[in-house]
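A quick write-up on the structure given underneath.
No hydrogens, no waters, no symmetry mates; every other heavy atom, side chains included, goes into these values. Just so we're on the same page: letters track the sequence lines, and every chain starts at 1.
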2 protein chains.
Amino acid sequence: MADSNMSDNIEAYLKQILQQANEVEIRRAEIARRFNVVPSQINYVIKTRFGAENGYLVESKRGGGGYIRIVKMALRTEPDLIDEMRQSLPEIVSFRTATAVISSLYREKILTQREGELLLTMLSKEALAVGDVAIQGQLRARLLQQLLNRLRFESERD
Amino acid sequence: MADSNMSDNIEAYLKQILQQANEVEIRRAEIARRFNVVPSQINYVIKTRFGAENGYLVESKRGGGGYIRIVKMALRTEPDLIDEMRQSLPEIVSFRTATAVISSLYREKILTQREGELLLTMLSKEALAVGDVAIQGQLRARLLQQLLNRLRFESERD
DNA sequence: CACCCCCTTGACCAATATTGACATAATTAT
DNA sequence: ATAATTATGTCAATATTGGTCAAGGGGGTG
């Protein structure tokens with residue numbers, strides 16, 4: 001029954017809960033105790049199996065009453081187009097390119113016009129004014145990557 | 001349903017009152033007694049959960065007949081509210097603070113939920129992963145400033 | 001055998017909550 | 001006026017969580 005691999009067991013345990021609810025909230029120390037592993041292994045499991053790439057959202061809080069919450073998101077109906085955009089996105093992205101990407105998303109009805117405008121505000125040169133222009137382009141690329149990845153899923157929360 | 005965390009309970013209690021009135025006035029010692037905590041913890045709750053980033057203003061008076069009053073900033077006109085949030089925004093902004101700001105904007109109907117989620121994606125640690133943590137906080141601050149700036153002009157057109 | 005990938009561990013770090021001693025302000029009594 | 005009383009404010013110490021990182025372990029693969 002039990003795998004020799006504790007990380008897989010912990011993953012299965014959490015996903016089993018997520019089959020019936022679309023979020024789990026745990027206390028790290030408690031889960032670590034239950035599976036008889038060191039607390040930081042919980043972080044390892046979360047980072048390797050519940051990342052944003054896999055459609056999960058993780059929130060946590062330290063200190064008294066701290067917790068880790070994993071929220072499951074649903075795959076969009078048409079993720080293929082978004083995937084292609086992600087894969088063809090360069091390492092360094094100019095504001096002009098970013099505008100083109102956002103426009104495409106708007107044309108495809110994946111973003112509303114206002115959503116696009118707000119996001120472009122954050123992708124502007126003024127917002128991303130960091131030392132080097134190349135670094136600015138890298139940063140813009142990462143912001144877009146994160147956005148595209150997020151758009152592959154839809155939130156199920158209120 | 002009671003959190004193991006008293007500060008959250010006190011926050012919830014106050015916000016529940018604020019759902020029906022747009023301000024609440026308390027006697028610190030009385031609330032402290034009711035929740036069985038030390039009086040200064042009330043100050044902690046107010047400072048961490050009812051600041052301007054969260055859309056609240058706090059007035060108080062000491063001595064006989066003293067009180068603490070929490071007022072929703074929604075009473076003000078929209079551009080002023082946004083201005084106050086901008087001015088009270090620190091130079092370095094954590095993701096937690098950013099979440100508080102976005103939540104406030106959502107609560108005031110200035111952003112939709114989805115807009116807030118997409119913007120938070122770009123304000124996340126993963127998106128803004130740059131060398132230093134301080135730099136990351138500065139960057140996040142600038143992104144938020146840009147956003148608030150844009151939203152202010154938007155609201156002025158009404 | 002050499003290598004690589006993934007898992008596991010623990011030392012150290014960071015964030016949040018709680019408490020209490022002491023300070024400050026406003027009101028009331030003398 | 002002054003003192004006593006009644007409130008809230010500040011700050012630093014301590015407690016209570018989760019986060020990061022780098023080193024080591026173990027099994028499969030070329």
Euclidean distance, atom CD1 of residue A:I46 to atom C1' of D:dG18 [Å, nearest integer]: 10 Å

Flag the pair A:R140 / A:S124 as yes when at least one side-chain heavy-atom distance between them is below 4.5 Å, and no otherwise. no

Answer yes or no: does a side-chain N or O of B:T48 lie under 4.0 Å from OP1 or OP2 of C:dT16? no

Could you point out which residue of A:Q146, A:Q145, A:R152 forms a side-chain hydrogen bond (donor to acceptor under 3.5 Å, both in side chains) with A:N149? A:R152

A:K61 side chain, from C-beta outward: closest of C:dT19, C:dA17, D:dG9: C:dA17

Test: A:K72 cationic atom under 6.0 Å from A:F153 six-membered ring centre, within 45° of axis: no

Using a strict threshold of under 4.0 Å (side-chain N to carboxylate O), is an ion pair present between B:R150 and A:E117? yes

Output yes when at least one side-chain N/O atom of A:S60 is less than 4.0 Å from OP1 or OP2 of D:dG19, else no. yes

Nearest whole Å is fine: how far is C:dT16 P from A:I68 CD1? 14 Å

Nucleotide D:dT17, atom C1' - distance to CD of A:E25 in whole Å: 13 Å

Contact nearer the 5' end of DNA chain C, comparing B:S94 with B:G65: B:S94

Hey, which of these two, B:V38 or B:R49, hits DNA chain C nearer its 5' end, going by closest nucleotide? B:R49

Base, sugar-phosphate alone, or nothing: which one does B:Y44 contact when heavy atoms must sit under 4.0 Å apart? base

Considering just the side-chain nitrogens and oxygens of B:R96, establish if one lies under 4.0 Å of OP1 or OP2 belonging to C:dT16. yes

Testing D:dT8, C:dT9, D:dG18 for proximity to the side chain of A:Q41, the answer is C:dT9

Spacing between A:R28 atom CZ and D:dT20 atom C1', to the nearest angstrom: 10 Å

If you draw a 6.0 Å radius around CG in B:N36, do more than 12 non-hydrogen atoms from other residues or ligands fall strictly inside? no

Indicate, with a heavy-atom threshold strictly under 4.0 Å, whether A:S40 touches base, sugar-phosphate, or nothing. base

A:R27 side chain N/O closer than 4.0 Å to the phosphate oxygens (OP1, OP2) of D:dG18? no

Quick check on C:dT18: is either OP1 or OP2 less than 4.0 Å from any side-chain nitrogen or oxygen of B:N5? yes

Side-chain contact check for B:K125: nearest option of D:dG19, C:dT18, C:dT9 is D:dG19

Sugar-phosphate only, base, or nothing, as touched by A:I42 at under 4.0 Å among non-hydrogen atoms: nothing

Separation of D:dG19 C1' from B:E126 CD (nearest whole Å): 13 Å

Describe the nucleic acid contact of B:K47 in one word from base, sugar-phosphate, nothing, applying a heavy-atom distance below 4.0 Å. nothing

Please work out if B:G64 contacts a base, only the sugar-phosphate, or nothing of the nucleic acid, heavy-atom cut-off 4.0 Å. base

Check the distance between D:dT17's C1' and A:E59's CD and give it to me in whole angstrom. 17 Å

Can you tell me how far C1' of D:dG19 sits from CZ of A:F50, to the nearest Å? 18 Å

